[in-house]
Amino acid sequence: MKKLYILVSLSCFLNCSYLSQAQTTRQLSSLLNLLEENSGMYVDSPNSIWLHNDSGDSSYLYKVDTSGNLLNTLFIENAQHVDWEDLAKDNTGSLYVGDFGNNNNDRQDLRIYKIPAPNVISTDTVQAEIIDFSYEDQLTFPATDPLKHYDVEAFVWMNDSLYLFTKNRTNPYDGFTRLYKLPAIAGTHTATL
């Protein structure tokens with residue numbers, strides 16, 4: 001037990017001393033007005049960033065440089081833009097757009113759009129593969145206040161699956177984020193807790 005205590009104390013000391021060091025940030029640029037409610041971001045290279053708006057926009061992805069200049073606009077023809085929250089990339093360069101914002105925990109049209117690597121698309125439009133999904137444990141729409149765990153705000157791709165992280169909207173607040181797993185292939189799927 002003493003060794004564990006020393007290890008924990010040492011870890012806390014090292015982390016606290018690192019965090020107490022002065023950190024500096026600097027503004028690179030301002031975002032374009034068309035990115036009024038930027039939500040998802042994918043850094044494609046040191047000077048190339050793909051972004052999208054949260055809601056209230058058409059189904060566009062915008063590529064900007066670190067000076068804020070618009071480099072490209074890509075329209076996903078078969079996508080709806082209800083509440084886009086995040087972008088994820090797989091090992092082939094394909095990009096996933098998460099239309100799964102669910103503030104009220106009442107959506108039954110949760111969807112992820114998969115497009116080829118955006119830099120290899122030679123036109124300004126693309127067709128997406130569609131991943132529709134529901135949660136294995138959501139039984140009511142909207143979920144009751146103590147069970148409001150169904151608003152995904154972020155996700156990642158790993159080993160042929162998508163991992164979705166929820167924002168906790170429970171009342172009373174229980175402090176937990178839920179993690180769901182989903183196949184990264186087109187079709188209708190159930191997200192498993």
Side-chain angles (χ1 to χ4, degrees), residues 28 31 34-66 70-103 105 107-121 123-138 149-169 176-193:
L28 295 175
L31 288 176
L34 59 87
L35 287 161
E36 185 175 310
E37 192 182 0
N38 173 242
S39 188
M41 178 187 309
Y42 161 61
V43 179
D44 191 30
S45 68
N47 197 32
S48 172
I49 305 164
W50 287 94
L51 306 161
H52 66 72
N53 281 312
D54 189 306
S55 59
D57 195 1
S58 293
S59 300
Y60 286 104
L61 296 175
Y62 304 97
K63 181 179 176 180
V64 300
D65 63 18
T66 53
L70 183 63
L71 303 176
N72 193 5
T73 301
L74 183 61
F75 182 70
I76 305 175
E77 293 178 321
N78 61 332
Q80 294 179 341
H81 191 153
V82 178
D83 194 354
W84 290 13
E85 293 295 347
D86 198 13
L87 298 172
K89 182 187 83 74
D90 68 18
N91 62 342
T92 68
S94 292
L95 205 58
Y96 298 82
V97 181
D99 187 3
F100 41 51
N102 191 12
N103 294 349
N105 283 240
R107 284 189 64 187
Q108 297 183 58
D109 60 347
L110 303 168
R111 183 170 275 181
I112 297 170
Y113 300 101
K114 178 183 178 182
I115 63 168
N119 288 333
V120 302
I121 299 170
T123 63
D124 58 357
T125 64
V126 67
Q127 289 282 321
E129 295 178 41
I130 299 174
I131 302 167
D132 289 307
F133 73 96
S134 59
Y135 300 103
E136 69 173 349
D137 58 340
Q138 184 171 10
H149 291 281
Y150 305 105
D151 179 21
V152 174
E153 297 287 330
F155 73 135
V156 297
W157 177 92
M158 186 174 73
N159 298 329
D160 297 324
S161 294
L162 296 167
Y163 292 86
L164 295 79
F165 298 87
T166 66
K167 180 176 184 176
N168 188 313
R169 295 186 178 276
F176 291 100
T177 292
R178 290 193 178 180
L179 173 63
Y180 290 89
K181 183 179 178 181
L182 190 64
I185 56 174
T188 301
H189 303 286
T190 301
T192 57
L193 183 64

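Note that the structure is predicted; figures quoted are calculated from it, not measured.
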[X], [atom1] atom: more than 12 neighbouring heavy atoms under 6.0 Å:
| X | atom1 | result |
| --- | --- | --- |
| Asn159 | CG | no |
| Lys181 | NZ | no |
| Glu37 | CD | yes |
| Gln80 | CD | no |

Rounded to the nearest 0.5 Å, what separation is found between the [atom1] atom of [X] and the [atom2] atom of [Y]?
| X | Y | atom1 | atom2 | result |
| --- | --- | --- | --- | --- |
| Asp132 | Gln108 | CG | CD | 12.5 Å |
| Tyr60 | Asp124 | OH | CG | 8.0 Å |
| Leu51 | Leu87 | CG | CG | 8.0 Å |

Check the pair Arg178 / Asp137 against side chain to side chain contact (heavy atoms under 4.5 Å, CB included), numbers first and verdict last. CA-CA 11 Å; Arg178 290 193 178 180; Asp137 58 340; 2.7 Å; yes
I'd like to check Phe176 versus Thr166 (side-chain heavy atoms, cut-off strictly below 4.5 Å). Are they in contact? no
So His81 and Trp84, would you call those rings parallel, tilted or perpendicular, with 30° and 60° as cut-offs? parallel
Do [X] and [Y] have side-chain N/O donor and acceptor atoms under 3.5 Å apart?
| X | Y | value |
| --- | --- | --- |
| Tyr62 | Asp57 | yes |
| Asn168 | Thr177 | no |
| Asn105 | Tyr135 | no |

With distance as the sole test, does [X] use its side chain to make a donor-acceptor pair with the main-chain N or O of [Y] at under 3.5 Å?
| X | Y | result |
| --- | --- | --- |
| Asn78 | Ala128 | yes |
| Asp99 | Leu110 | no |
| Glu136 | Leu193 | yes |
| Asp86 | Phe155 | yes |
| Asn102 | Tyr150 | yes |

Between Arg107 and Asp83, does the salt bridge (Lys or Arg N to Asp or Glu O under 4.0 Å) criterion hold? Intermediate values first, please. CA-CA 10 Å; Arg107 284 189 64 187; Asp83 194 354; 5.2 Å; no
